[in-house]
Amino acid sequence: MDDFISGLVQIVGQQHVLTHASQTFRYQKGFRFGDGPVEAVVVPGSLVELWRVARLCVQQKRILIMQAANTGLTGGSTPDGDHYDNPVIIISTRRLKGIHILGQGKQVVCLPGSTLNELEKRLKPLGRDPHSVIGSSCIGASVLGGISNNSGGALVQRGPAFTEMALYGRVNEAGELELVNHLGIDLGQDPENILRTVETGVFKGDDVSWSAGRGHDDDYINRVKDVEADTPARFNADPDRLYEASGCAGKLVVFAVRLDTFPKENNSHVFYLGTNDKMVLEKVRRALLTEFDELPVCGEYMHRDAFDIADQYGRDTVAMIRLLGTDHLPFFFGVKAWLDLLPHRFKWMPASLGDRILQFVSRFLPSQVPARLRACRDRYEHHLIIQTSDFLAEKLSSWFSKTLPHLGEGGVFECTPKEGKLALLHRFAAAGAAGRYNAIHRDETGGLLALDVGLRRNDWDWFEKLPSEIEEKLVLKLYYGHFLCHVLHQDYVVKKGVDPMEVEHAMWPLLDRRGARYPAEHNVGHLYNAPETMVDHYKKLDPCNCMNPGIGNTTKRRNWAAEGVSAGS
């Protein structure tokens with residue numbers, strides 16, 4: 001054991017320094033994309049241990065990749081191949097749990113390992129909600145991961161994950177790790193004492209400033225309502241949403257973030273709208289955003305093909321949530337991840353073992369789609385699920401009956417509580433359906449590519465039309481997304497022998513010509529090129545380029561030297 005590894009062991013203990021390939025595999029391979037060798041994975045058990053590990057790595061010129069739940073879809077928290085100029089260390093924050101309540105629940109301080117699901121449960125007795133509820137929260141995504149990537153979500157009134165209040169470590173221009181306290185809480189000057197205090201959450205009332213900064217993207221409602229704007233309402237590279245830890249993409253060691261919470265909507269109503277005319281949905285979108293005093297809770301789109309694939313390849317997910325709730329879902333996703341690892345250890349096992357077992361179980365489950373939703377599917381190609389408060393539901397019911405017949409072909413009904421719950425769960429299941437399809441049919445296809453696209457707010461022609469030279473390379477294309485925000489998820493399974501990345505790169509110019517921005521909420525990771533404003537943000541946070549280098553297809557070389565050029569010391 002060399003001196004560096006011995007130093008890590010002294011800080012966190014032998015069992016929390018992983019060096020064997022069988023131990024590190026689950027950390028170095030991304031949820032959907034990304035993989036590369038590492039010197040070690042370190043799993044600290046306290047914020048002080050995290051500080052000491054990070055400081056040792058910086059001193060020894062190791063590359064640091066911070067990782068929380070490893071649920072990202074673009075490989076942003078794993079290595080990207082082996083073309084790094086220094087050894088790579090992954091620091092996993094999964095043991096660093098902790099959520100502290102401020103102001104009777106109006107705000108929270110979250111530590112690196114806290115998940116959205118845990119935050120949702122902590123806030124529930126207080127009648128509050130986090131930024132995101134169903135979706136990422138169900139698979140164990142971390143709060144800090146969302147902030148670091150400006151992640152989006154389904155909730156129309158809340159915008160991307162964002163805060164101006166954070167406690168983080170930054171490798172400065174001198175190559176030294178410094179602690180920056182912008183939490184808006186007076187914690188003293190000594191770094192380790194600051195970290196101990198934040199971990200315990202024992203804050204004195206006078207030490208907490210209530211004017212320290214924004215705890216969410218409080219201008220988002222105004223942006224999303226501007227339906228004549230020629231730009232998307234949200235996208236990851238939006239320079240106005242890049243602020244220190246927010247959008248840092250692993251360029252900082254984030255120890256804690258302070259966030260706003262939101263009143264819980266207990267009595268929601270769900271309307272289900274179907275049409276064969278895509279323009280009807282756009283007219284409804286614009287009306288919902290401009291003609292009422294209150295915005296809907298969410299407005300989720302699903303194409304008929306996504307409806308069908310979600311029913312076939314996601315019904316186990318819907319059934320599990322319906323019967324057990326979301327509390328148990330992270331556990332089952334963990335079991336699935338463990339099953340998916342087994343074929344890498346035992347080559348005789350089939351790939352995607354977890355997906356294959358779950359799909360086998362699905363064969364014995366009845367469809368989870370209510371009859372009225374299925375009838376709507378049979379009649380209409382485009383579907384919109386609108387969740388509202390009590391206040392808006394009454395107005396919207398009258399508006400639909402008077403106005404919808406004049407907008408074009410379509411039908412709408414208000415769901416029963418059971419129908420509404422299953423409609424939203426069915427839409428949630430669509431997010432993983434293409435991945436399941438690809439896993440089950442991987443011997444017959446060329447792989448999966450997934451785009452999340454922010455469309456212009458004034459774009460009437462929102463539904464994609466692909467040229468024949470791309471269309472002919474596809475087995476499956478699924479469209480669903482957060483329609484009121486004009487954010488669409490577009491999943492494609494390509495034919496056998498076709499490279500998914502080549503198809504994706506061919507799609508980018510088409511999106512550019514439409515004025516779309518991408519990614520909209522999953523961040524650039526190692527799949528997308530970071531624009532200049534985003535690269536400038538990264539360079540400001542990490543002048544030595546020793547934190548998650550290569551993100552956004554930037555150079556992996558120290559001090560931001562060009563690839564193939566000596567970076568100096």
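The first residue in the sequence is number 1, and the count goes up from there. Keep in mind that this is a model prediction, so the values were computed, not measured.
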Can you classify the ring geometry of Y272 versus F413 as parallel (below 30°), tilted (30 to 60°) or perpendicular (above 60°)?
parallel
Measure the acute angle between the ring planes of H441 and Y437, then classify it against the limits of 30° and 60° as parallel, tilted or perpendicular.
tilted
Would the H383 and F307 ring centres measure less than 6.0 Å apart?
yes
Would you say the rings of H382 and F463 are close, in the sense that their centroids are separated by under 6.0 Å?
yes
Using 0.5 Å steps for rounding, measure from the [atom1] atom of [X] to the [atom2] atom of [Y].
| X | Y | atom1 | atom2 | value |
| --- | --- | --- | --- | --- |
| R315 | H426 | CZ | NE2 | 9.5 Å |
| L424 | I386 | CG | CD1 | 11.0 Å |
| Y480 | Q490 | OH | CD | 10.0 Å |
| T78 | H526 | OG1 | NE2 | 6.0 Å |
| H303 | R377 | NE2 | CZ | 10.0 Å |
| I470 | E502 | CD1 | CD | 11.5 Å |

Taking the six-membered ring of Y84, is the NZ or CZ of K556 close enough (under 6.0 Å from the centre) and on axis enough (within 45°)?
yes
With no hydrogens and no angle check, do the side chains of N236 and N150 hold a donor and an acceptor under 3.5 Å apart?
no
N438 and T445: side chain donor to acceptor below 3.5 Å:
yes
Keeping [X] on the side-chain end and [Y] on the backbone end, is there a donor-acceptor pair under 3.5 Å?
| X | Y | value |
| --- | --- | --- |
| Q368 | P366 | yes |
| K473 | V498 | no |
| W508 | Y528 | no |
| R514 | W462 | yes |
| D238 | L242 | no |
| N276 | E381 | yes |
| Q67 | I91 | no |
| D129 | E120 | no |
| N523 | S151 | no |

Partner set under side chain to side chain donor-acceptor pair (under 3.5 Å) for H522, not counting sequence neighbours:
D452
Quick one: do E118 and K121 satisfy salt bridge (charged side-chain N to carboxylate O under 4.0 Å, His left out)? Show the steps, please.
CA-CA 5 Å; E118 292 163 349; K121 288 192 289 185; over 6 Å; no
Under the salt bridge (Lys or Arg N to Asp or Glu O under 4.0 Å) test, which residues partner R304, sequence neighbours left out?
none
Answer yes when [X] and [Y] have at least one side-chain N-carboxylate O distance shorter than 4.0 Å, and no when they do not.
| X | Y | value |
| --- | --- | --- |
| E472 | K495 | no |
| D355 | R436 | yes |
| K496 | E444 | no |

Once disulfide bond (SG atoms under 2.5 Å apart) is applied, do any residues pair with C415, and if so which ones, sequence neighbours excluded?
none
Assess the residue pair L476 and Y492 against the criterion (side-chain contact (heavy atoms from CB on, under 4.5 Å)); give the C-alpha distance rounded to whole Å, side-chain angles, the decisive distance to 0.1 Å, and a yes or no.
CA-CA 6 Å; L476 186 71; Y492 313 87; over 6 Å; no
